[in-house]
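Since the structure comes first, as structure tokens, the remarks are kept for the end.
Just so you know, these numbers use all the heavy atoms, side chains as well, and skip hydrogens, waters and symmetry mates. A, B, ... follow the sequence lines: proteins, then strands. Residue 1 opens every chain.
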Number of protein chains: 2
Amino acid sequence: MDNVNIKKLAEALRLSTSTVSRAFRDNSDISKDTKERILAMAKQLNYQPNHYASNLREQKSKTIAVIVPELANNYFSLAIQGIERVASAKGYHILVYATNDQFEKEVSFIKHLHNGRADGIIMSVSGEANDHNYLNQLSKKRLPLVFFDRVYEDIVTPRVITNDYDSSFSATKHLIQQGCERIAYLAVNKTLSIGKTRMQGYIDALKKYKIPFKEELIIDCTNNYKENIDLLKQAFIDLKPDGVFTSVERLAFATYYACYDINLSIPKDIKVIGFSSLEIAPLLNPALSTITQPASDLGKTAAEMLFKMLENPNEVNPDSEVILKSKLMQRESTSNA
Amino acid sequence: MDNVNIKKLAEALRLSTSTVSRAFRDNSDISKDTKERILAMAKQLNYQPNHYASNLREQKSKTIAVIVPELANNYFSLAIQGIERVASAKGYHILVYATNDQFEKEVSFIKHLHNGRADGIIMSVSGEANDHNYLNQLSKKRLPLVFFDRVYEDIVTPRVITNDYDSSFSATKHLIQQGCERIAYLAVNKTLSIGKTRMQGYIDALKKYKIPFKEELIIDCTNNYKENIDLLKQAFIDLKPDGVFTSVERLAFATYYACYDINLSIPKDIKVIGFSSLEIAPLLNPALSTITQPASDLGKTAAEMLFKMLENPNEVNPDSEVILKSKLMQRESTSNA
DNA sequence: TTGTACGCGTTATCAT
DNA sequence: ATGATAACGCGTACAA
């Protein structure tokens with residue numbers, strides 16, 4: 001059977017298309033009787049209003065786009081889950097895009113989205129090192145945009161982040177209190193604002209507790225798992241750190257693998273803590289101490305903020321920043337037993 | 001600045017809208033010269049063709065929908081990643097929906113998608129226990145649909161699955177060879193086809209190796225983490241299994257927690273193996289033996305199949321079934337050391 | 001090669 | 001309360 005549209009419905013009921021259309025909106029004048037007839041017939045024929053036609057007509061899509069650096073990532077999956085819940089409850093659909101950390105992809109996604117396909121965008125950015133001004137140079141008014149987790153500091157738009165500086169400070173302090181004196185900081189991209197903030201917390205904690213900061217203990221890692229493990233093994237052998245603070249989850253995993261390989265015992269020889277929202281951190285060998293970010297909440301909050309912008313554009317301050325708190329979870333990997 | 005559309009471009013260039021439109025398609029007759037002028041101006045004004053208008057006109061959306069039971073799940077995230085890659089390469093966008101295992105949501109998503117919003121659907125199903133015939137009763141022709149992982153056996157449409165029966169058989173056999181005689185099977189939903197297949201592999205392996213099958217050792221779990229842990233603790237105490245085979249990843253985690261709580265040592269007191277595509281299974285305490293499913297490949301293959309259907313509807317047999325192989329990874333949780 | 005005119009399905013405005 | 005009509009932006013058949 002072919003598509004049922006308003007026209008077919010109208011024919012079937014010997015009404016005009018406008019009357020039929022009215023049956024689906026709330027305000028319009030239409031007799032209760034005909035409305036019921038129409039809805040009944042619509043149900044019977046399984047009528048689905050064509051979204052594209054509505055969108056074209058109404059200039060809105062009831063769709064939001066989510067752009068993240070990667071999909072196969074526990075953290076972003078949780079965030080997307082949070083977003084999906086809110087969107088779904090509002091009757092919105094979500095388009096998902098992964099940049100795989102390629103800035104050009106991000107630019108391309110964003111540009112293309114400015115064609116009416118989405119009403120708003122929630123993004124965790126990929127290209128700190130690049131020129132973000134493309135966001136201000138879109139030919140038409142920029143779509144409502146909310147950053148979460150990874151943000152551009154020079155772009156004015158609402159954002160939802162976590163208290164990274166404090167968390168880093170606490171994590172570093174925790175390592176120090178557990179007796180560490182040579183604490184390696186594993187960075188993935190020093191130039192990212194998130195990288196900078198987290199590193200600053202580390203640096204300031206060292207200073208506060210009078211541990212000399214050593215540039216060499218900042219280890220810049222890559223996006224490649226194997227490479228990182230090799231690199232870390234070498235670094236651990238050369239630098240002999242007694243503590244490791246990883247700025248992202250997967251570097252904690254790489255640290256574990258590296259330590260296994262070169263027979264360093266966690267936590268005896270080296271203590272490890274890292275940013276991570278992995279639920280099964282307690283199941284690792286040894287249980288991993290983490291700074292656990294409220295990933296799902298981050299997504300939820302970002303989505304709620306975006307909807308606020310869509311509903312009351314003027315009531316949302318473009319400067320607004322929501323900071324959610326991460327939790328320091330001490331586990332065996334930093335214990336002194 | 002307001003939206004740039006074909007009309008504005010045409011005005012700016014003193015051409016007709018049709019000429020401008022032609023510049024963006026390949027076949028049409030248009031002088032190389034004007035085409036270049038148009039494209040240049042389009043770039044300058046940052047023109048983005050309105051997707052909804054094109055879709056309405058062309059009756060296709062260059063969008064595929066992905067429906068999964070849950071998003072915050074390592075396995076489905078990987079699958080979505082695989083799908084996203086393929087789609088992105090083809091210039092397609094993906095809409096993502098999570099049913100949270102509610103069948104009504106699945107039905108609702110599917111029905112609504114039949115309004116032109118998506119050209120095809122990739123789904124891992126949620127409602128084995130229900131009546132799937134809604135898929136055949138859509139008023140218009142059903143959208144191209146590919147199942148992956150969790151499928152409805154009574155619906156005729158292409159599918160991509162893994163060799164679950166063989167894997168289950170092998171895993172059970174492995175436990176037996178490691179000396180287990182009371183092997184518990186942790187099911188999450190016995191009625192799901194995937195549950196049935198996996199359970200059958202377990203049952204047949206027992207039979208083959210002359211281990212008596214005991215109904216009581218089939219433990220039906222819920223979707224609630226805490227509940228499962230409690231339930232498992234009790235079951236382990238009551239039934240004293242010496243091996244556990246979990247049909248889904250999270251039940252392996254629950255098993256670990258349960259064993260920790262009641263001081264059962266894995267693998268000494270009880271050996272554990274489970275379906276899982278967790279990359280860090282080797283980092284668990286103890287390293288978890290797994291049946292590792294090629295999750296990302298599953299998504300990739302499903303997407304490729306869907307695109308084949310979109311491009312050459314007649315060349316794809318609706319009965320086609322692709323079976324990808326999982327890998328048995330023996331690790332410490334089933335060792336005899 | 002370029003322009004004119006129409007229709008995709010919907011909704012809002014205006015008329016009845 | 002209902003119907004006729006125009007418009008959203010684009011793409012194509014047809015005319016020039």
The answer to which of A:F24 and B:I30 contacts DNA chain C further toward the 5' end, by nearest nucleotide, is B:I30
Using a 6.0 Å cut-off, check whether atom NE2 of B:H112 has over 12 heavy atoms from anything other than its own residue.
no
Quick one: B:R37 CZ to C:dT2 C1', roughly how many Å, whole number?
12 Å
List in chain and number order the residues that pass side chain to side chain donor-acceptor pair (under 3.5 Å) with B:S21, two or more places apart in sequence or in another chain; answer none if no residue qualifies.
none
A:I6 has an atom CD1; how far is it from atom P of C:dG7, in whole Å?
18 Å
Decide if atom NZ of A:K35 counts as having more than 12 heavy atoms of other residues, nucleotides or ligands within a radius under 6.0 Å.
yes
At a heavy-atom distance below 4.0 Å, which nucleotide of DNA chain D is the first touched by chain A, and which is the last?
D:dA1 to D:dG9
Confirm from the modelled atom types if B:S18 and C:dT4 form a donor-acceptor pair under 3.5 Å, side chain to base only.
yes
Ignoring hydrogens and geometry, is there a side-chain-to-backbone donor-acceptor pair from A:S77 to A:Y75 under 3.5 Å?
no
Tell me, which of residues 49-63 of chain B have any heavy atom that sits under 4.0 Å from an atom in DNA chain D?
B:P49, B:N50, B:A53, B:S54, B:R57, B:E58
By nearest nucleotide on DNA chain D, pick out whichever of A:V20 and B:R22 is the more 5' one.
A:V20
Identify every side-chain donor-acceptor pair in residues 94-108 of chain B under 3.5 Å, counting partners at least two apart or on other chains, and give the distances.
{"unit_1": "B:Y97", "atom_1": "OH", "unit_2": "A:H93", "atom_2": "ND1", "d": "2.4"}
{"unit_1": "B:T99", "atom_1": "OG1", "unit_2": "B:D101", "atom_2": "N", "d": "3.1"}
{"unit_1": "B:T99", "atom_1": "OG1", "unit_2": "B:S126", "atom_2": "OG", "d": "2.6"}
{"unit_1": "B:D101", "atom_1": "OD1", "unit_2": "B:R150", "atom_2": "NH1", "d": "3.3"}
{"unit_1": "B:E106", "atom_1": "OE1", "unit_2": "B:S126", "atom_2": "N", "d": "2.8"}
{"unit_1": "B:E106", "atom_1": "OE1", "unit_2": "B:Y152", "atom_2": "OH", "d": "3.3"}
{"unit_1": "B:E106", "atom_1": "OE2", "unit_2": "B:Y134", "atom_2": "OH", "d": "2.7"}
{"unit_1": "B:E106", "atom_1": "OE2", "unit_2": "B:Y152", "atom_2": "OH", "d": "2.7"}

Could you note down all residue pairs passing salt bridge (Lys or Arg N to Asp or Glu O under 4.0 Å) where residues 62-83 of chain A supplies at least one of them, sequence neighbours left out?
A:E70-A:R250
Heavy-atom nearest nucleotide on DNA chain D for A:R14 versus B:N5: which residue maps closer to 5'?
A:R14
Side chains of B:V86 and B:Y92: closer than 4.5 Å at any heavy-atom pair?
no
Hits for salt bridge (charged side-chain N to carboxylate O under 4.0 Å, His left out) against B:K300, two or more places apart or cross-chain, chain-then-number order -> B:E304
To the nearest Å, give me how far apart CG (B:L13) and P (C:dT2) are.
12 Å
